[in-house]
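Naming convention: chains lettered A, B, ... in sequence-line order (proteins, then strands); numbering from 1 in each chain. As a basis for the values below, the full set of heavy atoms in this structure was taken, side chains included, without hydrogen atoms, waters or symmetry mates.
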Amino acid sequence: MASHSGIQKGPASQSLPVAALRKPRILVAACGCLGAAKFGQICCSFAEWAEVKAVATRAGLFFIDRATIPNGVQFYTDQDEMSSWSRLGDPILHVELRQWADIMLIAPLSANTLAKIAGGLCDNLLTCIIRAWDYTKPFFVAPSMHAFQWRNHFTEHHLMSLDELGIALIPPISTSHMGDHQTGAMASLSTIESAVKVYYETRMLLGSSNAKQEV
Amino acid sequence: MASHSGIQKGPASQSLPVAALRKPRILVAACGCLGAAKFGQICCSFAEWAEVKAVATRAGLFFIDRATIPNGVQFYTDQDEMSSWSRLGDPILHVELRQWADIMLIAPLSANTLAKIAGGLCDNLLTCIIRAWDYTKPFFVAPSMHAFQWRNHFTEHHLMSLDELGIALIPPISTSHMGDHQTGAMASLSTIESAVKVYYETRMLLGSSNAKQEV
Amino acid sequence: MASHSGIQKGPASQSLPVAALRKPRILVAACGCLGAAKFGQICCSFAEWAEVKAVATRAGLFFIDRATIPNGVQFYTDQDEMSSWSRLGDPILHVELRQWADIMLIAPLSANTLAKIAGGLCDNLLTCIIRAWDYTKPFFVAPSMHAFQWRNHFTEHHLMSLDELGIALIPPISTSHMGDHQTGAMASLSTIESAVKVYYETRMLLGSSNAKQEV
């Protein structure tokens, strides 16, 4: 369900299963790229006003210090998808997490996971959640990649595919390296948090006059 | 070589290297999804009237109880591709299996392998066979995925790519879960078996008046 | 940046950061396919007139005898990408190699890596270099695959994508097997070497009257 929004706008046509009595449930995920070094901080900032569960790809784990994930945040990896299932009828973790979440955020999103989403591949916990995602629920991505990769023509192609899916882009920022300005670094934590929070609060206001429960 | 058939029809324009003196050779494969729990039964039902060889992906092995694979069915995994080759001139397993088979069936087909086929990726024994497949020979797939994944727009896109290749779809079925009807579960064993068998027997009849050997 | 060249032509619109005082720097890479058994020889022949660094995928290592890589050639694998980075600010190997090289050559290129390039996937050292590549610098590929795979319709689709990127194809050759001529084997070492060398020497001549430094 395409939002027809510009790439940098929020997913304006989407609605939240807002329950006024509880905090929003945000599923935050990290891929294997430099931005993942800040993943603990991202989880912390969202945990202040939301229920947070976290997912990381195998490559993401390389950059994440698990000690930085706050105590109240459950942290899932591919291993958990395997170990939580043993026979037909058991719950499937990627389905459970997709159901649980009101909002999804991938921060950072790597060039490789970007390509997988654009191609519909689903070979790990994160991409299985995405392949099963309910696109009436908001979904944000904050890419993080080297400027050389960001400039590559695949980036634009793949971001257009994500836009058609209704995924909202939190664009990377320009940084200065030896006098050379280059784009590709993940947006600041405050930009990421406010993009999601502003969207959520706007929907809450709308939701209070037009509430409906969706699954 | 597109068959221009509707997605649910058999690969009508294709022909079998039918040898009246021997049973048909069917290569049956399983991917990593819930339907793979029935893979032993699938192998058994085909082994009653055909020569069967079986292939599973690494993710498929997670769901398969190898004790359920019948004795007469050779079972191959990625390890066999590696261990059967040691120097130039040695046979290549995915080429041997592609040559051996009259018919190919993937039951179950996962969302991820569906995406790999649609993208031409070939990173394991199964997808190497597919990338080298002779599309004048019949090729059936029986998808198995959660209803959330089946409804995703990538499913339709990818199935259109498979249809262009001439691959015949055995559609998933609708199941009831707490009063909610959802589509995605693998077709029944009898549906899968009869789809392949009816096609084979029809070609046998045609073949007896119009036999030709193809490689 | 498409070169609009025919598939088999060199990347004519591209320029080299030619420094007359030093040898050209060639990054040579191998994927997992039979042609990789000759990778040591390829490295040797280029090392006679160029600075050479070598990269192999995990599947490529299966076919490569590391003892055949000449002493002066640094050889990199996915492990080196991991082990060379430990904290923010550390150099990133795929970026370093992309910066270092004047010319890139993948010989052999497998069907799977061909598909990954065409899809913009980057899940290992080699494909990360490619995803970050500066397409004003020449990039050659010499595919190696079974004739069954070469004839598959994905091959043409994917090669068209590579042509749009400006990657030059060194086509596979036809070999005779039991009287049957089939195409797919990697071009001869002399063909590969001369394709790159002729291109380089032509650019050197042009470069001496029209030198410019690019990054």
* To do: Check each atom of B:His157 against the heavy atoms of chain A and say whether the ones under 4.5 Å are side chain, backbone, both or neither.
  =>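 The answer is neither part of B:His157.
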
* Which portion of B:Thr155 sits near chain A, non-hydrogen atoms under 4.5 angstrom ->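 It is both, since atoms from each part get that close.
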
* **Residue A:Ile117 versus chain B: region with a heavy atom under 4.5 Å** =>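 It is the backbone, since no side chain atom gets that close.
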
* To do: Assess the pair B:Phe63 and A:Trp85: is the distance between their ring centroids shorter than 6.0 Å?
  =>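 Yes - the distance between ring centres of B:Phe63 and A:Trp85 falls below the 6.0 Å cut-off.
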
* Between OG on residue A:Ser161 and NE2 on residue B:His153, distance to nearest 0.5 Å ->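 Going from OG on A:Ser161 over to NE2 on B:His153, the span is 7.5 Å.
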
* Can you tell me how far CD1 of A:Ile92 sits from CG of B:Leu34, rounded to the nearest 0.5 angstrom? ->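 Separation between the atoms: 4.5 Å.
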
* Asked: Mind checking whether A:Asp134 and B:Phe148 have side chains closer than 4.5 Å, heavy atoms only?
  ->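 Not touching, per the 4.5 Å side-chain cut-off.
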
* Tell me, do A:Trp133 and B:Asn152 make a side-chain contact under 4.5 Å, heavy atoms counted? ->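 They are not in side-chain contact.
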
* Assess A:Arg131 against B:Phe154: is NZ or CZ under 6.0 Å from the centre of the six-membered ring, and within 45 degrees of the ring's axis? =>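 No.
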
Do you know the tightest heavy-atom contact between [X] and [Y]?
X	Y	result
A:Met82	B:Phe62	O-CZ, 3.3 Å
A:Leu121	B:Ala115	CD2-CB, 3.7 Å
A:Cys122	B:Gln149	SG-NE2, 4.5 Å

* Asked: Going by residue number, which parts of residues 36-60 of chain B are within reach of chain A, meaning a heavy-atom gap below 4.5 Å?
  ->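 Expected list: B:Ala37.
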
* Donor-acceptor contact below 3.5 Å, side chain B:His158 vs main chain A:Gly119 ->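 Answer holds: yes.
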
